[in-house]
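Just so it is clear, the structure is predicted and the values come from calculations on it, not from any experiment. Numbers here simply count residues along the sequence, with the first being 1. Computation of the quantities below employed the complete heavy-atom set of this structure, encompassing side-chain atoms and omitting hydrogens, waters and symmetry-equivalent molecules.
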Amino acid sequence: MAFYLSVFIIIFSVIGICSADLSSDYYEKSCPKAMYTIKNAVANAVTNERRMGASLLRLHFHDCFGCDGSVLLDDTSDFTGEKSAKPNSNSLRGFDVIDKIKSQIEKLCPGIVSCADVVAVAARDSVVLLGGPSWTVELGRRDSTTASLDTANSDIPSPLLDLNDLITNFANKGFTAKEMVALSGGHTIGKAQCTTFRQRVYNETNIDSSLATSLKSNCPSTGGDDTLSSLDATTPVLFDNHFYKNLVNNKGILHSDQQLYSGGSTDSQVKTYSTHPITFDADFAKAMVKLGNLSPLTGTNGQIRTNCRKIN
């Protein structure tokens, strides 16, 4: 997937964690087949295109400015949503998969399951399908009736950020440096556009020379901005800890990724994850639960959209 930011460099416009109104069995009685329907549709989509698993994970990250489905809204003549924001435009994918899932669920349980919950569950199911850990997705989010282009542009950081800026951005949203490093492991799957790593490949010295040569062959110094390269060239469609092994060997694709292992305070955490995949899986799952519970709309706030692309 074309990551303007890293799949996990997710910055949210609202700080608190508020999950009191969410529960893992929220749809048990009102739409008992919802989870199976999502899982089956995601399995079909990922089977057809392995990259879609990474795309759906990234879609959840980008939605979690409040985990409210705002990123799904299309622009209209009098409304500009988040899809045209620089981190999203020509790179965020998976909208059609979410549409298909929502359509199937609406036939089963009209007006019950939110688009935001569909996105959250699809992300978890995608990671599991690609060999990663599972986690309990708290449910009961409602969908926003608006979106913010300005917030999407201003809050999602560039892949050119240095370590201190990454730590600060995540801390501002309630995440520790350890959680930031764990969430960064989402880059064990997915793809990045040439424009996001060109400066690193041509100007930085802390990059494996063979990797740089390989990337240059697909990413010219000028032009070809949208050409794609895997964020983890070793196991690009498996959710594992090779992302961290790559960083230890100066094989991070994005500048912001390699900053996690560059002589700074997060080196030891990267080193741990590079040799202890079970520890990474556990920490990633915990961080994803926290991510998914970040300031959702609940109760009477928002709505349950019938069509994820537009408000009711």
Side-chain angles (χ1 to χ4, degrees), residues 1-3 6-8 10 24-25 27 31-64 67 69 71-72 91-105 108 113-139 141 182-192 228-246 273 277-292 308:
M1 140 188 42
F3 280 53
S6 313
V7 150
F8 55 75
I10 338 108
S24 60
D25 60 354
Y27 299 116
C31 194
K33 294 184 179 179
M35 298 303 101
Y36 171 79
T37 301
I38 298 172
K39 182 178 181 179
N40 187 58
V42 170
N44 288 335
V46 174
T47 298
N48 289 334
E49 182 195 11
R50 301 285 283 180
R51 179 186 169 203
M52 185 54 68
S55 298
L56 291 171
L57 175 59
R58 184 175 185 239
L59 190 60
H60 179 47
F61 279 130
H62 281 228
D63 189 43
C64 277
C67 295
V71 76
L72 304 175
S91 79
L92 206 58
R93 307 171 72 242
F95 298 109
D96 52 346
V97 176
I98 299 302
D99 289 342
K100 184 175 182 179
I101 295 171
K102 178 63 172 174
S103 177
Q104 293 174 354
I105 290 179
L108 295 172
V113 180
S114 69
C115 300
D117 276 346
V118 171
V119 171
V121 175
R124 188 270 313 276
D125 291 350
S126 293
V127 169
V128 173
L129 281 165
L130 295 178
S134 184
W135 60 90
T136 299
V137 178
E138 298 291 308
L139 303 165
R141 299 168 189 80
L183 288 172
S184 299
H187 273 182
T188 187
I189 53 177
K191 295 179 181 290
L228 301 173
S229 293
S230 295
L231 288 162
D232 172 7
T234 308
T235 55
V237 293
L238 289 179
F239 195 99
D240 55 25
N241 69 329
H242 273 281
F243 169 75
Y244 301 102
K245 293 181 179 181
N246 292 338
Y273 289 157
I278 294 177
T279 300
F280 162 56
D281 281 354
D283 288 353
F284 181 82
K286 290 177 184 177
M288 286 300 296
V289 171
K290 183 172 180 177
L291 167 69
C308 293

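Side chains of Arg124 and Thr136: no donor on one and acceptor on the other come within 3.5 Å.
The OG atom of Ser55 sits 9.5 Å away from the CG atom of Asp96 when rounded to the nearest 0.5 Å. Of the inter-residue distances, the one linking Phe284 atom CZ with Leu291 atom CG reads 8.5 Å to the nearest 0.5 angstrom. A distance of 4.5 Å separates CD1 of Ile98 from CD1 of Ile101, quoted to the nearest 0.5 Å. Atoms OG1 and OH, on Thr37 and Tyr27 in that order, are 12.5 Å from each other to the nearest 0.5 Å.
Residues Leu139 and Ser24 are not in side-chain contact: their nearest non-hydrogen atoms beyond the backbone lie 4.5 Å or more apart. Side-chain contact between Val46 and Leu130 is present, with at least one heavy-atom pair separated by less than 4.5 Å.
Closest approach of Cys308 to Asp99, counting heavy atoms only: CB-OD1, 4.3 Å. The heavy-atom pair separating Ile105 from Ala34 by the smallest distance is CD1-O, 4.2 Å. Closest approach of Gly94 to Leu56, counting heavy atoms only: O-CD2, 4.0 Å. The nearest pair of heavy atoms linking Cys67 to Gly292 is SG-O, 3.7 Å. Annotation for Val118 and Ile38: closest pair CA-CD1, 4.1 Å, computed over non-hydrogen atoms. For Val42 against Ser126, the heavy-atom pair with the smallest separation is CG1-OG, 3.5 Å.
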Apply the test side-chain contact (heavy atoms from CB on, under 4.5 Å) to residues Lys102 and Cys115: give CA-CA distance (whole Å), side-chain angles for both, the deciding distance (0.1 Å), then the verdict. CA-CA 7 Å; Lys102 178 63 172 174; Cys115 300; 3.9 Å; yes
Test side-chain contact (heavy atoms from CB on, under 4.5 Å) applied to Arg93 and Arg58, step by step: CA-CA 8 Å; Arg93 307 171 72 242; Arg58 184 175 185 239; over 6 Å; no
side-chain contact (heavy atoms from CB on, under 4.5 Å) between Leu228 and Arg51, worked out: CA-CA 12 Å; Leu228 301 173; Arg51 179 186 169 203; 3.6 Å; yes
Show the numbers, then the answer: is there a side-chain contact (heavy atoms from CB on, under 4.5 Å) between Met288 and Leu183? CA-CA 7 Å; Met288 286 300 296; Leu183 288 172; 3.7 Å; yes
Check: residues 233-245 side-chain donor-acceptor pairs under 3.5 Å, at least two apart:
{"unit_1": "Thr234", "atom_1": "OG1", "unit_2": "Asn246", "atom_2": "OD1", "d": "3.3"}
{"unit_1": "Thr235", "atom_1": "OG1", "unit_2": "Asp232", "atom_2": "OD2", "d": "3.1"}
{"unit_1": "Thr235", "atom_1": "OG1", "unit_2": "Asp240", "atom_2": "OD1", "d": "3.1"}
{"unit_1": "Thr235", "atom_1": "OG1", "unit_2": "Asp240", "atom_2": "OD2", "d": "2.6"}
{"unit_1": "Asp240", "atom_1": "OD1", "unit_2": "Thr188", "atom_2": "OG1", "d": "2.9"}
{"unit_1": "Asp240", "atom_1": "OD1", "unit_2": "His242", "atom_2": "N", "d": "3.1"}
{"unit_1": "Asn241", "atom_1": "ND2", "unit_2": "Tyr273", "atom_2": "O", "d": "3.0"}
{"unit_1": "Asn241", "atom_1": "ND2", "unit_2": "Ser274", "atom_2": "O", "d": "3.1"}
{"unit_1": "Tyr244", "atom_1": "OH", "unit_2": "Val181", "atom_2": "O", "d": "2.7"}
{"unit_1": "Tyr244", "atom_1": "OH", "unit_2": "Ala182", "atom_2": "O", "d": "3.3"}
{"unit_1": "Tyr244", "atom_1": "OH", "unit_2": "Gly185", "atom_2": "N", "d": "3.0"}

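Partners of Ala123 by side chain to side chain contact (heavy atoms under 4.5 Å, CB included), not counting sequence neighbours, listed by chain and number: Leu57, His60.
The backbone N or O of Asn44 lies less than 3.5 Å from a partner atom in the side chain of Asn48, making a donor-acceptor pair.
Taking the charged nitrogens against the carboxylate oxygens, Asp117 and Arg141 do have a contact shorter than 4.0 Å, which makes a salt bridge. Salt-bridge formation is not detected for the pair Lys290/Glu138: no Lys NZ or Arg NE/NH1/NH2 atom is positioned less than 4.0 Å from an Asp or Glu carboxylate oxygen.
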